[in-house]
Each structure stands twice: as C-alpha cells, then as structure tokens.
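Treat the numbers as computed from the prediction; the structure is a model and nothing was measured.
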Amino acid sequence: MKGGDEEVATPAGPPQPLDWKFSQVFGERIAGEEIQEVDIISAIEFDKTGDHLATGDRGGRVVLFERTDAKDHGLSRRDLERTDYPISRHPEFRYKTEFQSHEPEFDYLKSLEIEEKINKIRWCQTANSALFLLSTNDKTIKFWKVQEKKIKKISKIIADPSKAVGNGNVASSSNSNSPKPFPTNGVSPDRSCNHLGNDISFPPGGLPSLCLPVVVTSQETNLVARCRRVYGHAHDYHINSISNNSDGETFISADDLRINLWNLEISNQSFNIVDLKPANMEDLTEVITSAEFHPAHCNMLAYSSSKGSIRLIDLRQSALCDSHAKLFEESEAPGSRSFFTEIIASISDIKFAKDGRYILSRDYMTLKLWDINMDSGPVATFQVHEYLRPKLCDLYENDSIFDKFECCLSGDGLRVATGSYSNLFRVFGCAPESTEATTLEATKNPMRRQVQTPSRPSRSLNSITRVVRQETLGVDANGNSLDFTTKLLHLAWHPTENLIACVAANSLYMYYA
C-alpha cells in the first residue's frame with residue numbers, strides 16, 4: 001500500500017509458454033516414399049506483412065503461398081461490433097504459383113558446375129499489387145516480379161465469304177460481270193495473275209476474304225513471374241546471404257570472403273564493402289558465414305564469421321568497411337578448448353530482432369541473443385541439443401557437425417526458434433526470467449516428443465553433460481532415437497503472429513499458437 005489507499009502494482013512475470021498446434025502441411029511425405037533431391041526445400045521466407053510465404057528448393061524453383069483466412073473472417077464491421085466474443089481461427093495458406101528461378105550452369109573458365117539450388121530468398125517492397133523478390137544460388141542473384149495479368153481470349157472470328165481480297169483491295173466475287181477496277185499499283189487487270197512482287201501473287205478474282213480473330217481481355221487472371229534483373233559475376237565464392245536494406249533501394253550479397261552492395265536498379269555494377277581475403281590465402285583464419293542489414297538503420301549491417309564472432313559495421317565510416325564499429329564474441333572458458341571448439345563455434349545464421357536492438361545467432365550447439373549496446377557477451381544462451389556434446393567425434397565422422405541450422409525470432413521479440421535433428425525444432429522464451437523451452441516435431445502431432453533438457457543457465461554445462469551418458473549416437477536425453485539424416489535446417493516466424501513455418505526435406509509444415 002502507498003499512502004494508505006493506493007496499491008503498488010506488482011511487476012508482471014514472464015509470458016506463459018505457448019501451446020503450439022498443427023496448422024497445415026504442403027507436400028507431405030508418404031511412408032516409404034523416396035524423396036527426389038531436386039524437391040528438397042532449401043530456403044524459406046515470409047514477407048513483411050506475413051500474407052505471403054516463399055520457398056526455394058534444390059531444383060531452382062521458387063514456390064509462393066498466400067494467406068487465405070481474412071482477418072475480419074468475412075464479417076461486416078457492424079457484425080464484428082455486435083460480436084461479444086473473440087473469433088479464433090488459425091492461419092491458412094494456399095498455393096499461389098511457382099516458377100523456375102535458376103537453371104544449372106557451367107563455368108567454363110573455372111571448369112566449375114554451378115548448381116541451381118536456391119540458397120536464399122528475400123522479399124522486396126510491393127508496388128502496384130505486384131510482388132517482388134530476390135533469389136540467389138551460389139553465383140547469381142535474380143530480381144523477380146510476380147503479377148496478375150488478365151487473360152486475353154479469342155471471342156469470335158470475322159469472316160465474309162461473299163467478298164475476296166486481291167492486292168490488298170476488296171474485290172467482288174469471281175462470278176460478277178461488273179468491270180474489274182484497275183488496282184492502285186498500276187498492274188494491268190488482263191494479266192492471268194496480279195503480282196505484288198516476286199514472292200506474293202493472287203489468282204484471278206482474288207482470294208476469299210480474310211478471317212480476322214477478335215481478341216478480348218477477359219476478367220480471368222493468370223499469375224506471371226518475370227525476371228527483371230540478373231546480378232551476376234560479382235562473387236568468386238559461394239553466396240551464403242542476401243539482405244534488403246531498409247531504404248528500399250539497395251541490398252547486400254555475401255560470400256565466404258566478401259560482401260557487395262548493390263542497387264536494385266543497377267545489375268552490372270556493385271561495390272565491395274567488406275573484403276577478408278588476405279594477400280596470401282595461407283594466412284586466412286576465418287570466413288563470412290552470414291550477413292544482414294539492420295531493419296531500421298540503412299547505414300548499419302552485421303555479419304558473422306566461422307570463429308563465432310559478429311561484427312557490426314557502419315557504412316558511413318568508410319567506403320571499405322574492413323574495420324568494424326562493434327565486435328560481439330564470447331570469451332572462451334579456461335580449459336574448455338578441444339579439437340571441435342572452433343568447428344562448433346562457427347555461426348551458421350544471424351537475425352536482427354524487429355526493433356533492431358538484438359541479434360540472434362545460431363552455432364552448432366546453441367542459440368545466442370546479443371544486445372547491440374553490450375558487446376561483453378550474449379545476454380542469453382540457449383542449449384539446443386546439449387545431449388549431443390559427448391558424441392561430437394561421431395558427428396564429425398559423418399559430417400553432421402558441419403550442418404548449417406537457421407534461426408528466427410518472433411515479431412514481438414519474446415521468443416526464438418531453431419531446428420535440430422529428427423525433424424525437431426525448439427522454441428525458447430527470451431523474456432527476463434522465462435524458462436520456456438518447447439520441443440516440437442515437424443509432423444501432424446508436433447508435441448509427441450519432448451526433450452526436457454534445460455535451456456538455462458547458459459554457462460553451467462557440466463551438470464548437463466553428466467546426465468547424458470547414452471552409448472548409442474542416435475539417442476537423446478529422454479531415450480528417444482535420433483535420425484541424423486532428417487534435420488530441420490530452415491524455418492521462419494510470421495512477422496506479427498505466433499506462426500512458424502518449417503521445412504522437413506520436401507515438406508512444408510506450419511504451426512500456430
């Protein structure tokens with residue numbers, strides 16, 4: 001009590017864990033069905049409104065989905081005002097269109113095959129009801145415009161058999177007794193054939209009249225995807241990231257050693273803004289793994305490295321941003337270094353929070369949340385599959401330790417998510433004092449497998465590793481078998497709602513809460 005009559009408001013606790021439910025699946029795999037390599041989805045992205053979703057696959061195709069459930073659920077404003085209970089309906093998407101974005105190519109100068117696999121997709125600003133997006137494979141970025149076009153149809157054909165055409169003039173029937181007029185080109189009508197030139201001739205009496213189709217524009221529409229620009233020949237190494245700038249005019253593309261800045265309107269010129277390539281390649285110690293523009297400040301961008309660090313750079317400082325404005329990295333615990341330390345420290349993906357205050361990063365074992373105003377260390381660390389730590393040697397032998405998992409944040413910034421093996425993905429609460437750590441499986445029953453490994457504290461790993469003592473590699477902390485051939489690498493969070501779209505091989509699953 002304050003002053004005897006006012007109550008002091010108690011601080012609200014962390015938000016309650018979400019109850020996730022299955023929403024939809026596209027391309028569900030039938031038991032025993034063999035998956036074609038070209039059908040495996042390799043990129044996924046919501047647009048800024050969340051009304052459209054794009055996926056790219058290893059076959060170079062881009063598939064678009066659109067949301068079909070209207071937010072007002074088809075009710076008028078008056079009916080909504082009369083409704084005294086909330087209308088709950090889970091989001092629904094439908095297939096919209098698809099197009100072939102990239103084809104396999106061959107670089108004859110380097111004797112190098114360039115596969116058509118889509119590495120990244122990024123949505124651009126819409127204009128005049130048209131959708132715009134960028135897609136890239138290892139070498140070439142393309143700018144696509146997808147728009148509805150009205151279909152033109154032939155409604156009728158005009159034909160008048162009573163008239164004939166000769167030399168471009170309408171002539172009377174060959175049975176007519178009327179005198180034949182001289183044609184305008186001065187050729188005598190007494191000749192057996194009227195000649196327009198060496199190749200074109202008309203028989204006496206002319207031809208039957210031409211049948212002319214009448215083309216009309218119908219009300220039916222068809223979606224047409226057209227490649228507006230191709231941005232190529234700017235990367236010596238494989239492109240791992242593209243990111244749109246908040247100015248709506250520029251974007252960046254990043255490979256292992258360089259980051260280039262492009263203007264959307266100019267496809268034959270780019271500016272190199274980061275270059276990590278040393279004079280002697282033997283001196284190379286790290287490579288760029290991911291890069292992203294700040295969501296609000298057009299002069300700032302961040303990129304991650306294989307050493308586990310994140311650099312924030314300011315384009316206003318210099319044309320070539322080899323020196324960073326801020327460096328985010330976690331100091332190594334004494335005595336914890338091993339052969340696998342640098343491998344599992346490599347960051348595979350970074351994402352800015354919607355407000356630009358935080359950066360989420362994913363390395364092989366953990367998710368880390370960084371405050372851009374605090375470069376001393378991450379503000380939170382989440383253990384994704386800590387039960388695999390004793391098995392790093394086996395994971396190295398089968399190359400699983402090099403898998404690149406993506407990460408995502410919710411629109412409100414209260415939760416983060418990332419994938420794991422056996423088509424599992426994990427959702428963590430990142431609000432203060434939150435203990436939310438949910439494990440879901442990319443099936444129609446997402447809650448059937450729960451991994452109860454704690455997500456916090458971030459630096460007390462010894463107690464966790466003591467518990468995990470399974471002798472077989474494919475067993476998690478709860479004794480569930482793990483399949484390292486099925487891994488959930490790609491997922492995306494809806495920008496405004498608790499809706500996650502995730503990829504399991506060639507299937508697209510959606511879950512809502």
Side-chain angles (χ1 to χ4, degrees), residues 26-27 29 33-47 52-66 95-124 130-149 222-244 251-260 262-270 288 290-291 404 406 489-490 492 501 503-508:
F26 294 93
R29 181 185 178 186
E33 179 187 3
E34 184 178 352
I35 300 175
Q36 299 296 321
E37 179 80 10
V38 294
D39 294 331
I40 296 177
I41 301 173
S42 55
I44 184 170
E45 182 83 2
F46 279 106
D47 70 349
H52 294 92
L53 175 70
T55 64
D57 61 26
R58 295 188 182 181
R61 293 165 300 203
V62 172
V63 183
L64 304 184
F65 302 87
E66 68 175 352
Y95 168 86
K96 187 177 179 72
T97 188
E98 68 178 86
F99 55 91
Q100 188 72 32
S101 174
H102 288 72
E103 300 279 358
E105 301 175 43
F106 189 81
D107 188 335
Y108 294 96
L109 293 177
K110 299 181 179 179
S111 297
L112 182 69
E113 289 185 6
I114 304 172
E115 60 180 357
E116 65 271 32
K117 172 192 167 190
I118 305 296
N119 290 342
K120 293 290 179 182
I121 296 174
R122 289 293 180 265
W123 289 91
C124 303
L131 302 174
F132 296 89
L133 50 88
L134 290 166
S135 62
T136 183
N137 64 353
D138 286 339
K139 295 291 183 180
T140 306
I141 307 160
K142 295 186 179 181
F143 182 48
W144 291 91
K145 178 182 180 181
V146 182
Q147 190 174 30
E148 287 188 346
K149 297 280 189 181
N222 186 27
L223 279 167
V224 178
R226 189 163 64 93
C227 183
R228 296 288 302 275
R229 288 176 190 86
V230 178
Y231 313 90
H233 311 294
H235 287 277
D236 292 330
Y237 305 94
H238 290 178
I239 298 173
N240 56 48
S241 302
I242 52 175
S243 179
N244 301 89
F251 71 93
I252 55 169
S253 58
D255 63 21
D256 292 342
L257 296 178
R258 293 187 176 98
I259 299 177
N260 293 331
W262 301 82
N263 188 298
L264 282 168
E265 302 294 326
I266 303 171
S267 60
N268 60 357
Q269 183 181 12
S270 65
I288 298 168
S290 182
K404 299 183 185 304
E406 293 181 0
L489 301 176
H490 313 286
V503 171
N506 64 331
S507 302
L508 172 64

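- Contact between Asn240 and Ile288 at its shortest, heavy atoms only, is ND2-O, 3.1 Å.
- Here the shortest heavy-atom pairing between Cys227 and Val230 reads SG-CG2, 3.7 Å.
- Note that OG1 of Thr136 is 5.5 Å distant from CD1 of Ile242, once rounded to the nearest 0.5 Å.
- Going from atom CZ of Phe99 over to atom CZ of Arg226 covers 12.5 Å, rounded to the nearest 0.5 Å.
- Considering all non-hydrogen atoms of both residues, Trp144 and Ser135 come closest at NE1-OG, 3.3 Å.
- Atoms NZ and CD, from Lys96 and Glu148 in turn, are 5.5 Å apart once rounded to the nearest 0.5 Å.
- Two residues are said to be in side-chain contact when any heavy atoms from C-beta on lie closer than 4.5 Å; Leu133 and Leu64 meet this criterion.
- In terms of modelled atom types and a separation under 3.5 Å, the side chain of Lys145 and the main chain of Ala130 share no donor-acceptor contact.
- A 4.5 Å side-chain heavy-atom check between Asp138 and Asn119 finds at least one atom pair inside the cut-off.
- Under 4.0 Å is where a charged nitrogen must lie from a carboxylate oxygen, and between Lys120 and Glu45 no such pair does.
- Looking only at side-chain heavy atoms (C-beta outward), Trp262 and Ile141 come within less than 4.5 Å of each other.
- Residues Ile44 and Leu508 meet the side-chain proximity criterion, which asks for heavy atoms closer than 4.5 Å.
- In terms of modelled atom types and a separation under 3.5 Å, the side chain of Ser241 and the main chain of Ser253 share no donor-acceptor contact.
- Judged by distance alone, the side chain of Arg229 and the main-chain N or O of Phe143 form no donor-acceptor pair under 3.5 Å.
- Environment of CZ in Phe106: crowded, with over 12 heavy atoms of neighbouring residues, nucleotides or ligands closer than 6.0 Å.
- Not one N or O on the side chain of Asn137 forms a donor-acceptor pair closer than 3.5 Å with the backbone of His102.
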* Is there a side-chain contact (heavy atoms from CB on, under 4.5 Å) between His233 and Lys139 once you walk through the steps? -> CA-CA 7 Å; His233 311 294; Lys139 295 291 183 180; over 6 Å; no

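- Between Phe251 and Leu134, some side-chain heavy-atom pair lies under the 4.5 Å cut-off.
- Residues passing the salt bridge (Lys or Arg N to Asp or Glu O under 4.0 Å) test with Asp39, sequence neighbours excluded: Arg61.
- Between Leu264 and Tyr231, the shortest heavy-atom contact is O-OH, 2.5 Å.
- By the 4.5 Å heavy-atom criterion applied to side chains, Arg29 and Ile35 are counted as neighbours.
- In this structure, the side chain of Ser42 engages the main chain of Ile118 through a donor-acceptor pair within 3.5 Å.
- For the pair Trp123 and Leu53, the tightest heavy-atom approach, listed with the atom from each and the gap, is CZ2-C, 3.9 Å.
- Residue His238 holds its NE2 atom at 8.0 Å from CD1 of Ile114, rounded to the nearest 0.5 Å.
- Here the side chain of Asp47 pairs a donor or acceptor atom with the backbone of His52 at under 3.5 angstrom.
- Residue pairs meeting the salt bridge (charged side-chain N to carboxylate O under 4.0 Å, His left out) criterion with at least one member in residues 99-118, sequence neighbours excluded: Lys110-Asp236.
- Of all heavy-atom pairs spanning Ile259 and Ala254, the tightest one is CG1-CB, 3.8 Å.
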